[in-house]
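Below is one structure, written out as structure tokens; the observations come after it.
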Number of protein chains: 2
Amino acid sequence: MTATTAPSVDMGLSVEKMEKVAFILKTTAHPTRIAIVQLLAANDSLSVSDISERLNVEQSLLSHHLTGMKLKGILSSTRDGKNIYYALKMREVIDVIQCLAACTFL
Amino acid sequence: MTATTAPSVDMGLSVEKMEKVAFILKTTAHPTRIAIVQLLAANDSLSVSDISERLNVEQSLLSHHLTGMKLKGILSSTRDGKNIYYALKMREVIDVIQCLAACTFL
DNA sequence: CAAACTTATGAACATTTGTTCATGCATACA
DNA sequence: TGTATGCATGAACAAATGTTCATAAGTTTG
């Protein structure tokens with residue numbers, strides 16, 4: 001046991017993994033964004049106004065959340081006519097959710 | 001917020017679970033606190049100065065992190081002489097970490 | 001083209017979170 | 001006692017995050 005740059009304490013989850021998961025959960029750890037992820041996990045792709053109506057979140061605020069999540073690589077978007085459709089891009093988001101869903105204890 | 005009290009989209013992880021996990025990860029999603037959790041997952045109980053030395057974090061700042069985590073129910077502390085020993089309290093923290101560690105994809 | 005619709009954007013502001021510094025408080029020990 | 005050690009605390013500040021509002025920009029349709 002040399003002291004310093006230990007890559008991971010022997011607990012199964014490396015610092016790297018932990019930080020990746022933390023990033024994902026941290027950037028989605030907000031009621032609105034959680035709901036967005038839920039919707040997009042169940043719906044594959046939705047327009048902004050779809051989401052806005054379903055979640056009852058005002059357009060501008062929602063847009064900020066969406067573009068933020070897109071910037072961080074979690075969502076993707078494509079235009080179709082005057083609508084813009086968002087979808088889950090980062091596969092790990094679903095992975096993490098499924099992984100956690102499989103844990104029965106919570 | 002009337003219409004959207006849907007308990008969980010059918011994706012396995014309820015909003016409630018998701019928010020609990022998010023809470024855990026969000027409150028630990030910080031380099032120093034991640035390291036703290038790692039240490040305490042591997043060591044059962046450590047004094048503040050132990051942690052301070054190992055992580056090379058200044059006393060006061062560390063103390064703020066520790067008391068914050070304690071306030072949120074994640075850590076516990078007991079005094080022994082002039083030292084105060086911190087330990088992981090919230091079992092779910094370890095659970096979540098182990099759960100994520102079991103997921104191979106990341 | 002103009003009007004209507006959908007989404008993005010940016011500025012101002014509010015709130016939360018992280019950091020530092022100085023100081024206080026408790027315990028041990030000479 | 002009083003002095004040193006270990007930790008907490010609170011104020012001041014910094015930075016990140018969330019929210020609102022007004023407005024712009026891209027698309028369709030009449």
Side-chain angles (χ1 to χ4, degrees), chain A residues 18-19 22-40 43-89 93, chain B residues 1 4 15 18-19 22-40 43 45-89 93:
Chain A
M18 179 113 182
E19 279 173 345
F23 167 79
I24 291 174
L25 271 284
K26 189 182 182 184
T27 91
T28 66
H30 179 286
T32 298
R33 294 196 297 269
I34 288 177
I36 292 172
V37 168
Q38 305 256 38
L39 276 182
L40 291 180
N43 283 290
D44 216 79
S45 150
L46 290 172
S47 75
V48 177
S49 49
D50 283 343
I51 301 175
S52 178
E53 285 166 16
R54 299 215 207 187
L55 299 185
N56 202 34
V57 174
E58 195 236 346
Q59 183 271 315
S60 172
L61 180 54
L62 179 60
S63 186
H64 274 124
H65 281 297
L66 290 173
T67 57
M69 295 171 84
K70 184 183 176 185
L71 256 180
K72 298 196 175 186
I74 290 183
L75 303 182
S76 64
S77 71
T78 60
R79 162 160 246 140
D80 179 12
K82 38 185 180 175
N83 295 316
I84 293 190
Y85 290 86
Y86 278 87
L88 270 178
K89 180 182 188 183
V93 175
Chain B
M1 273 224 260
T4 20
V15 176
M18 179 112 181
E19 279 173 345
F23 167 78
I24 291 175
L25 272 286
K26 189 182 181 184
T27 91
T28 66
H30 179 287
T32 298
R33 294 197 297 270
I34 288 177
I36 291 172
V37 168
Q38 305 256 39
L39 276 182
L40 292 180
N43 283 289
S45 152
L46 289 173
S47 75
V48 177
S49 49
D50 283 344
I51 301 175
S52 179
E53 285 165 16
R54 300 216 205 185
L55 299 185
N56 201 34
V57 175
E58 195 234 346
Q59 183 270 317
S60 173
L61 180 54
L62 178 60
S63 187
H64 274 125
H65 280 297
L66 290 173
T67 57
M69 296 172 84
K70 183 183 175 184
L71 256 181
K72 299 197 174 185
I74 291 185
L75 303 182
S76 64
S77 71
T78 59
R79 163 161 245 139
D80 179 12
K82 40 184 183 176
N83 295 316
I84 293 189
Y85 290 86
Y86 278 88
L88 271 178
K89 181 182 186 183
V93 176

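Here is the naming used below: chain letters follow the sequence lines, and residue numbers restart at 1 for every chain. Note that the coordinates shown come from a computational prediction; the quantities given were computed from them, not determined experimentally.
When all heavy atoms are compared, the tightest approach of B:L55 to B:A35 is CD2-CB, 3.6 Å. Scanning both residues, B:N83 and B:S47, for their nearest heavy atoms gives CB-CB, 4.2 Å. Nearest heavy atoms, A:S45 versus A:Y85: OG-CB, 3.4 Å. Of all heavy-atom pairs spanning A:A29 and B:K26, the tightest one is O-NZ, 3.5 Å.
B:I36 has its CD1 atom 13 Å from the P atom of D:dC7, to the nearest Å. Distance NE2 (A:H65) to C1' (C:dT9): 15 Å, rounded to an integer number of Å. One interatomic measurement links the two molecules: CZ of B:F23 to P of C:dT16, which rounds to 15 Å at whole-angstrom precision. Taking atom CG on B:L55 and atom C1' on C:dG18, their separation rounds to 16 Å, with Å as the unit. Atom NZ of B:K70 and atom P of D:dC7 are 13 Å apart (whole Å). The CG atom of A:L46 sits 15 Å away from the C1' atom of C:dT7 (whole-angstrom rounding).
Rounded to the nearest 0.5 angstrom, A:L88 CG and A:L75 CG are separated by 6.0 Å. In this structure, CG on B:N43 lies 13.0 Å from CD1 on B:I36, to the nearest 0.5 angstrom. B:I84 contributes atom CD1, which lies 13.0 Å from atom CG of B:D50 (distance to the nearest 0.5 angstrom).
Taking 4.0 angstrom as the limit, B:S47 places none of its side-chain polar atoms (N or O) nearer than this to OP1 or OP2 of D:dG6. The phosphate of D:dT27 (OP1 or OP2) has no side-chain N or O of A:N83 nearer than 4.0 angstrom.
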Assign a letter to each nucleotide of nucleotides 8-17 of chain D from its 5' end: B, base within under 4.0 Å of a protein heavy atom; S, sugar-phosphate only; -, no contact. BBB-------

Counting primed atoms, P, OP1 and OP2 as sugar-phosphate and everything else as base, the B/S/- map of nucleotides 25-30 of chain C against protein heavy atoms under 4.0 Å is --SS--

Side chain to side chain contact (heavy atoms under 4.5 Å, CB included) between A:L40 and A:L46: does it pass, once the steps are laid out? CA-CA 7 Å; A:L40 291 180; A:L46 290 172; 4.1 Å; yes

Indicate every side-chain donor-acceptor pair of residues 59-71 of chain B with a distance under 3.5 Å to a residue at least two apart or in another chain.
unit_1	atom_1	unit_2	atom_2	d
B:H64	ND1	B:S60	O	3.4
B:H65	ND1	B:R33	NH1	3.2
B:T67	OG1	B:S63	O	3.0
B:T67	OG1	B:H64	O	3.2
B:K70	NZ	B:S77	OG	2.8

